[in-house]
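To start, the structure itself, in structure tokens.
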Amino acid sequence: MSRREGLDATVQVRLGSLDLDVALDVPEGSTVAVLGPNAAGKTTLLRALAGLVPLDGGRVGLDGRALEDPAEGIWVPPEQRAVGYVFQDDLLFPHLSVLENVAFGLRARGRPKAAARTDALAWLGQLGLAAVARARPGALSGGQAQRVALARALATRPRLLLLDEPLAALDAGTRAEVRRTLRQQLTSFPGARVLVTHDAVDAFSLADQLVVVEAGRVTQIGTAADVAQRPRSAFVAALMGVNLLPGTARGTRVALAGGATLTVADPAEGPVLLQVRPSAVALHRARPEGSPRNVWLATVAAIDDERDRTRVTLAGPVPLVAEVTPAALAALHLVPGDEVWASVKATEVTVDP
């Protein structure tokens, strides 16, 4: 029988008011994004996988080996687990240079100083950081510091990579840049990856599967598309408040997975993720004339009233959600199953490579 590669864990932790009971199955080469509201237990889950918080029950297995099993009396110390951890606030050692920060984990695992520094410099070069190797963390930008933290985690060649909100502290421009770097590194990373994030774009861009955790329990599991199309809680519905459409860009034209093509204002090339605010989608009974560059015929799949707004789920070549006022909905006389024309301006479509 072949050994199972990847993470197989059931994490049961009782910590104050938190009662966490979450199962994760992450094959090697796969990325799972864990999402949830504040105090749901996401960070505690990562810390338990790393061995920084003891289990009260359950089991953590990696590549067929038990790292922790309270029932069997098994507990592998954090420094002996093949786990890399990228913290939200990077947690670099301020008194060490960038090079020494990346070499730290290697030295802790017994690598000779010269060999550790050579490996660390290679990782810094791979992440575009060779020029700041001798700088102290305090001299780095937020994006540079987070890439250094990623290099430090990867340098030990772990089999499990844990990332706790790695982009949360960055501004929008830097976040997009570091997200691209992170995506490149995750693609080439051979082990299992668990990403905690509160950002739907990060989850769509980086993860193969989403696991939603609320109040210490899993409330939804699925691909990003499945979770976005069928939210099972108010949290998920609010999280997916923006339409996210994967596609392939050729200049200002983006071909979507379903065969439709949208025009965007900002040209790009290759795989992209389009973001469209529901309020930017206009609905019409007849084909509109005028300025919208993107017009298509859709079918009303569902209508949901939410206080002062109504969310209309559209099926068809461009599956998304539109937001209209109750008065606008009444004027359109829409019911599920109706055909309706939808439009959105090219300038209202955000392109994320």
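Identified under the salt bridge (charged side-chain N to carboxylate O under 4.0 Å, His left out) test for residues 166-175, with sequence neighbours left out: none. Here salt bridge (charged side-chain N to carboxylate O under 4.0 Å, His left out) pairs that include residues 194-206, with residues two or more places apart or in two chains, are R179-D202.
Rounded to the nearest 0.5 Å, atoms CD (Q146) and CG (L170) are 6.0 Å apart. Note that NE2 of H284 and CG of L297 are 11.5 Å apart. Values are rounded to the nearest 0.5 Å. Rounding to the nearest 0.5 Å gives a distance of 4.5 Å between CZ of R111 and CG of D119. We find the CG-CZ distance between L106 and R152 to be 11.5 Å, quoted to the nearest 0.5 Å. Here CG of L274 is found 9.0 Å from OG1 of T350. Values are rounded to the nearest 0.5 Å. Taking OG1 of T10 as the reference point, atom CG of D21 lies at 7.5 Å (rounded to 0.5 Å).
In this structure a side-chain-to-backbone donor-acceptor pair under 3.5 Å is present from Q144 to S141. A donor-acceptor distance shorter than 3.5 angstrom exists from the side chain of R285 to the backbone of E339, with no hydrogens or angles considered. Without hydrogens or angle criteria, R217 side chain to D19 main chain gives a donor-acceptor distance under 3.5 Å. In this structure, N294 contributes its side chain and S343 its backbone to no donor-acceptor pair below 3.5 Å. Between the side chain of D69 and the backbone N or O of R59 there is no donor-acceptor pair closer than 3.5 Å. In terms of modelled atom types and a separation under 3.5 Å, the side chain of E100 and the main chain of S97 share a donor-acceptor contact. Under the 3.5 Å distance criterion, the side-chain polar atoms of D338 are matched with a main-chain donor or acceptor of V335.
In this structure, the side chains of R147 and E177 come closer than 4.5 Å at one or more pairs of heavy atoms. For the pair W296 and V344, the minimum side-chain heavy-atom distance is below 4.5 Å. Residues I221 and Q209 form a side-chain contact, since some pair of their non-hydrogen atoms from C-beta on lies under 4.5 Å apart.
In the hydrophobic cluster analysis, where Ile, Leu, Val, Met, Phe, Trp and Tyr join through side-chain heavy atoms closer than 4.5 angstrom, V83 is grouped apart from F104. The hydrophobic clustering, which links ILVMFWY residues whose side-chain heavy atoms are closer than 4.5 Å, places L160 and I74 apart. The same ILVMFWY cluster, assembled from side-chain heavy atoms under 4.5 Å apart, contains both L91 and L162. Both L24 and L52 are part of a single hydrophobic cluster, where members link through side-chain heavy atoms under 4.5 Å apart. V194 and L167 are members of different hydrophobic clusters when ILVMFWY side chains are connected at heavy-atom separations under 4.5 Å.
Of the candidates L15, V11, L55, V11 is the only one forming a side-chain contact (heavy atoms from CB on, under 4.5 Å) with L20. When the options L320, V321, L329 are evaluated for a side-chain contact (heavy atoms from CB on, under 4.5 Å) with V312, the one that passes is L329.
The shortest non-hydrogen separation linking P336 to A301 is CB-O, 4.2 Å. Between P137 and P94, the closest heavy-atom pair is CD-O, 3.8 Å. L314 and A342 get closest at one heavy-atom pair: CD1-CB, 3.9 Å. Taking every heavy atom of both residues into account, T197 and E165 meet most closely at CA-OE1, 3.5 Å. The two atoms that bring A48 and V13 nearest to each other are CB-CG2, 4.2 Å, heavy atoms only. The shortest non-hydrogen separation linking P288 to W341 is CD-CB, 4.0 Å.
Counting side-chain heavy-atom gaps under 4.5 Å among Ile, Leu, Val, Met, Phe, Trp and Tyr, the cluster of W123 also holds V86, L92, V98, L99, V102, L121, L124, L127, L129, V132, L140, V148, L150, L154, L161, L163, L182, L186, F189, L195, L206.
Residue-environment remark: CZ (F87) exceeds the threshold of 12 foreign heavy atoms within 6.0 Å.
In terms of the salt bridge (charged side-chain N to carboxylate O under 4.0 Å, His left out) criterion, E214 has no residue partners (sequence neighbours excluded).
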Side-chain donor/acceptor pairs under 3.5 Å, residues 27-46, sequence neighbours excluded:
| residue | atom | partner | partner atom | Å |
| --- | --- | --- | --- | --- |
| E28 | OE1 | R159 | NH2 | 2.7 |
| S30 | OG | D208 | OD2 | 3.4 |
| T31 | OG1 | R193 | NH1 | 3.1 |
| K42 | NZ | G36 | O | 3.0 |
| K42 | NZ | P37 | O | 3.0 |
| T43 | OG1 | D164 | OD1 | 3.4 |
| T43 | OG1 | D164 | OD2 | 3.0 |

In residues 249-268, what donor-acceptor pairs under 3.5 Å come from side-chain atoms, sequence neighbours left out?
| residue | atom | partner | partner atom | Å |
| --- | --- | --- | --- | --- |
| R253 | NH1 | T263 | OG1 | 2.5 |

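Comment: E68 engages R81 in a salt bridge, judged by a side-chain N to carboxylate O separation of less than 4.0 angstrom.
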